[in-house]
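Here's the structure, in structure tokens; my notes come after.
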There are 2 protein chains.
Amino acid sequence: MTMDERKQKILESIVLDYVETAEPVGSRAMVKKHGLKISAATVRNEMADLEDMGYLEQPHTSAGRIPSQKGFRYFVDCMMESQELSEQEIDLLYQMAKNNVKDWDEVISGIAQFLSQITHYTSFIIMPAVHTSQFRFLQLVPLEKGRAVILLVTDTGLIMHRKIEIPESITPEELATIAEVLNRTFSAKKMGEITRSDLQTIRNDLNKRKKVMEVTLEAIDSLLESSSGERVVVSGLINLLKEPEFRDLDKLKRIIALLEEDVVLRSIVPNEVSDQVDILIGNENPLQDMKDLSMVFTGYKSFGELGKIGLIGPVRMEYWKATGTIEAVRSIVQEIIQKYY
Amino acid sequence: MTMDERKQKILESIVLDYVETAEPVGSRAMVKKHGLKISAATVRNEMADLEDMGYLEQPHTSAGRIPSQKGFRYFVDCMMESQELSEQEIDLLYQMAKNNVKDWDEVISGIAQFLSQITHYTSFIIMPAVHTSQFRFLQLVPLEKGRAVILLVTDTGLIMHRKIEIPESITPEELATIAEVLNRTFSAKKMGEITRSDLQTIRNDLNKRKKVMEVTLEAIDSLLESSSGERVVVSGLINLLKEPEFRDLDKLKRIIALLEEDVVLRSIVPNEVSDQVDILIGNENPLQDMKDLSMVFTGYKSFGELGKIGLIGPVRMEYWKATGTIEAVRSIVQEIIQKYY
DNA sequence: GTTAGCACTCTCTTCTGTTGAGTGCTAACT
DNA sequence: AGTTAGCACTCAACAGAAGAGAGTGCTAAC
């Protein structure tokens with residue numbers, strides 16, 4: 001049995017119908033709706049073939065057919081064309097993204113919201129950790145007496161700051177000296193390689209300006225630690241509730257629990273992501289609880305690290321819309337990073 | 001008809017039972033469970049009285065009684081004692097909060113998670129905007145050629161930074177001069193009062209170092225703008241799904257839509273919040289869609305502004321636990337702000 | 001290879017009867 | 001006068017039965 005053009009056409013019609021209605025598609029209704037030139041009986045025969053081949057399945061004997069996950073996979077791989085965003089949507093995205101360039105966190109959550117609003121699916125963005133970037137530069141800026149700010153810059157351009165307390169007697173010049181000593185010591189070390197034992201060594205070596213050193217090292221320590229955290233943003237959970245496949249409260253509960261846990265979401269998305277848009281359908285997901293969900297996602301580069309942007313929806317998903325949207329968002333995110341960070 | 005001690009005791013028993021089971025409480029079952037010294041018939045009479053007084057209601061004629069919202073209000077006001085966190089819980093909170101002092105955003109989301117995990121309700125934290133704090137200090141730190149960081153400090157101690165591009169020919173000394181000029185100009189102005197027209201004026205006045213000025217003012221402009229945004233964090237939405245009163249998907253959808261929209265949540269919580277723990281029960285909420293929800297919340301001071309921390313759950317809520325937890329969290333948040341920011 | 005006809009299957013909805021928890025009322029009791 | 005036992009009544013929830021409707025698979029004709 002082979003996949004000829006007519007079978008393809010029928011499979012496509014079923015996928016489109018099912019994505020739209022979430023109901024099994026019957027032969028009769030389908031012929032009518034798509035104005036096919038063949039009779040319902042013929043369609044029934046072809047459907048039986050497609051079922052044998054594994055592309056369709058029947059919820060029960062007397063129902064219509066629905067695409068199997070294999071059927072969706074075939075559709076996605078061989079027949080689907082990614083649908084680009086409309087100009088209006090792109091305009092909206094641009095406007096929104098560039099109006100908020102201020103705070104990276106807000107850009108990201110804005111984009112996540114945009115994604116879920118446009119597609120009506122749940123969106124997620126995983127912002128990468130930065131622990132493998134290289135230390136480049138450190139500056140100590142005096143504030144009022146007894147206070148200073150430590151400013152830490154990595155070679156990927158990430159800037160962090162933190163307030164510290166210092167003895168009141170320290171002069172700005174002394175601060176500068178300390179900063180210089182630290183800069184020479186750390187210079188060109190991988191952030192990830194600056195361990196606490198390094199910090200300990202340095203603590204012991206330098207007795208002069210012990211207090212400032214102490215506080216500064218403490219701050220660096222904590223900044224390094226903090227930089228190792230990935231951030232996860234999820235938006236549009238509500239869209240899941242709308243899908244009829246998640247009427248079952250238990251199923252829904254498990255899924256929302258999954259998506260509320262940053263850790264879980266991080267582990268679900270494959271570590272190696274290209275800048276292609278990838279699709280995971282149902283069971284292709286690593287987690288059993290996600291067998292009714294599909295993911296459409298891609299990677300982006302940020303401060304030399306890999307971030308991930310994606311959509312989560314039912315298997316019965318408008319993949320063509322999802323891939324198009326993700327693609328557009330990826331390139332805009334990339335552009336903003338390039339330009340502003 | 002007056003509220004005597006026996007009626008109180010009965011009301012209390014009903015509230016406790018109902019909070020636990022979510023089922024209407026019958027006279028017979030109640031007498032048995034609480035080992036009351038009176039008969040079911042007597043309890044029935046008292047219940048009828050309490051219903052007349054508005055503290056109880058009956059879902060239908062042949063069901064038990066449930067506390068009305070007025071009943072809950074009476075319970076909360078007159079009979080309830082706030083239940084303090086256990087030592088373990090406080091330890092956990094301390095440990096968690098202080099391990100993450102690095103990034104304020106992460107502290108906050110950690111605390112939100114703690115809140116929802118401990119109480120099994122949905123928690124929210126509204127971080128205040130900072131646009132009315134006073135400008136105190138500005139510093140320009142040179143990075144590599146052609147780049148600098150602008151460091152902005154407000155008198156409430158808020159520190160912000162931002163990378164800018166500058167002409168390569170600018171020396172560190174010139175940068176310092178520019179910073180000084182700007183510091184003198186802005187000194188002691190309310191951040192909120194530094195309007196764009198101010199910025200425009202200054203732009204025109206100073207022609208020297210036009211380019212740096214330009215870029216710096218741009219950065220300040222954008223930092224000021226960015227500082228006006230409240231941030232909202234919601235955690236533990238999943239806990240809502242667990243409550244039997246939200247089995248109804250439509251109701252649930254509306255509620256989750258509410259809580260996913262930052263704007264809505266911001267508008268729900270009263271603007272004037274004391275450092276007392278406040279409780280809004282069901283209809284006392286401003287929004288119709290929240291008539292089945294209660295909120296327990298309090299305010300905290302951050303950089304001179306008012307933030308809000310709260311819990312959202314069903315009307316049938318363990319208010320005693322909620323108030324205790326919120327109170328504990330409030331004081332820890334306050335402490336961390338005092339100490340580290 | 002395609003189509004019409006028809007018996008058959010299975011879910012979904014509606015209806016009906018039954019069960020059981022709980023009430024309100026009355027009359028007796030302390 | 002307040003408290004209690006007894007009893008008829010109410011109403012939601014559950015289970016089973018019947019009917020409707022959509023869809024299939026198969027057979028025979030085109």
Side-chain angles (χ1 to χ4, degrees), chain A residues 1-11 13-14 17-18 20-68 71 244-245 247-249, chain B residues 1-11 13-14 17-18 20-68 71 244-245 247-249:
Chain A
M1 212 147 26
T2 166
M3 179 66 99
D4 56 18
E5 203 176 322
R6 193 169 69 183
K7 282 196 179 61
Q8 271 203 1
K9 178 74 192 138
I10 288 175
L11 178 55
S13 301
I14 292 177
D17 261 25
Y18 180 62
E20 187 185 337
T21 64
E23 300 285 326
V25 183
S27 53
R28 196 177 163 68
M30 197 188 92
V31 170
K32 231 186 275 176
K33 181 160 181 183
H34 288 79
L36 297 188
K37 290 282 182 299
I38 48 183
S39 79
T42 311
V43 171
R44 277 204 287 282
N45 289 333
E46 295 286 43
M47 278 174 158
D49 287 356
L50 284 167
E51 186 171 357
D52 286 345
M53 295 159 76
Y55 295 119
L56 295 181
E57 48 194 38
Q58 246 178 326
H60 54 268
T61 337
S62 71
R65 304 297 210 296
I66 63 176
S68 66
E245 30 267 273
R247 289 261 182 75
D248 177 7
L249 261 189
Chain B
M1 213 149 23
T2 165
M3 179 67 99
D4 57 19
E5 202 177 323
R6 193 169 68 182
K7 283 196 178 59
Q8 271 203 1
K9 179 74 190 136
I10 289 175
L11 177 56
S13 301
I14 292 177
D17 261 24
Y18 181 63
E20 186 185 338
T21 64
E23 300 285 326
V25 184
S27 53
R28 195 177 162 67
M30 197 188 92
V31 171
K32 231 187 273 177
K33 181 160 183 181
H34 289 80
L36 297 188
K37 290 281 183 298
I38 47 183
S39 79
T42 312
V43 171
R44 276 203 288 282
N45 290 333
E46 295 286 42
M47 277 175 161
D49 288 356
L50 283 168
E51 187 171 355
D52 287 343
M53 294 158 78
Y55 295 117
L56 294 180
E57 48 195 39
Q58 247 178 327
H60 53 267
T61 336
S62 70
R65 302 300 210 294
I66 62 176
S68 66
E245 31 267 273
R247 289 263 183 75
D248 177 8
L249 262 189

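Numbered from 1 within each chain, the chains take letters A, B, ... in sequence-line order.
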note: B:Y18, atom OH; C:dG22, atom P; distance rounded to Å ~ 15 Å
Taking atom types as they are modelled, is there a donor-acceptor pair under 3.5 Å from the base of C:dT9 to the side chain of A:S62? yes
Choosing from D:dT4, C:dG24, D:dA12, which nucleotide comes nearest the side chain of B:H60? D:dA12
Let me see the working for B:R65 and B:L50 under side-chain contact (heavy atoms from CB on, under 4.5 Å), right down to the final yes or no. CA-CA 10 Å; B:R65 302 300 210 294; B:L50 283 168; over 6 Å; no
Please lay out, stage by stage, how A:T42 and A:R6 fare under the test side-chain contact (heavy atoms from CB on, under 4.5 Å). CA-CA 11 Å; A:T42 311; A:R6 193 169 69 183; 3.7 Å; yes
Need the pair for D:dG2. Rule: Watson-Crick or G-U wobble, both distances under 3.5 Å, any strand; none if unpaired. C:dC29
Between C1' on D:dG23 and CD on A:Q58, what's the gap in Å once rounded to a whole number? 8 Å
Mind checking who D:dT27 pairs with, Watson-Crick or G-U wobble, both distances under 3.5 Å? C:dA4
To the nearest angstrom, how far is B:D4 atom CG from D:dG2 atom P? 11 Å
When the distance from CD of B:E46 to P of D:dG2 is rounded to whole Å, what number comes out? 10 Å
Tell me: CZ of A:R28 to P of C:dA4, nearest whole Å? 10 Å
Is there a side-chain contact between A:M3 and A:L11 in this structure, where contact means two heavy atoms from C-beta onward sitting under 4.5 Å apart? yes
With side chains defined as the heavy atoms from C-beta onward, is the minimum distance between A:I14 and A:M47 less than 4.5 Å? yes
Reckon B:A41 touches a base, only the sugar-phosphate, or nothing at all at heavy-atom distances under 4.0 Å? base
What is the pairing partner of C:dT18, taking Watson-Crick or G-U wobble pairs with both distances under 3.5 Å in any strand? D:dA13
Taking OP1 and OP2 of D:dT3, is either one under 4.0 Å from a side-chain nitrogen or oxygen of B:S39? no
Does C:dA21 have OP1 or OP2 under 4.0 Å away from a side-chain N or O of B:R65? no
Spacing of A:R44 atom CZ relative to C:dG1 atom P, expressed in whole Å: 18 Å
Reading DNA chain D from 5' onward, which residue's closest nucleotide shows up sooner: A:A29 or B:R6? B:R6
For the pair made of CD1 in B:I14 and C1' in C:dG22, what is the distance, rounded to whole Å? 13 Å
Looking at A:T61, does any N or O in its side chain come under 4.0 Å of the phosphate oxygens OP1/OP2 on D:dG23? no
Less than 4.5 Å apart, side chain to side chain, heavy atoms only: is that true for A:V43 and A:E46? no
CZ of A:R247 versus P of C:dC12: gap in Å, rounded? 11 Å
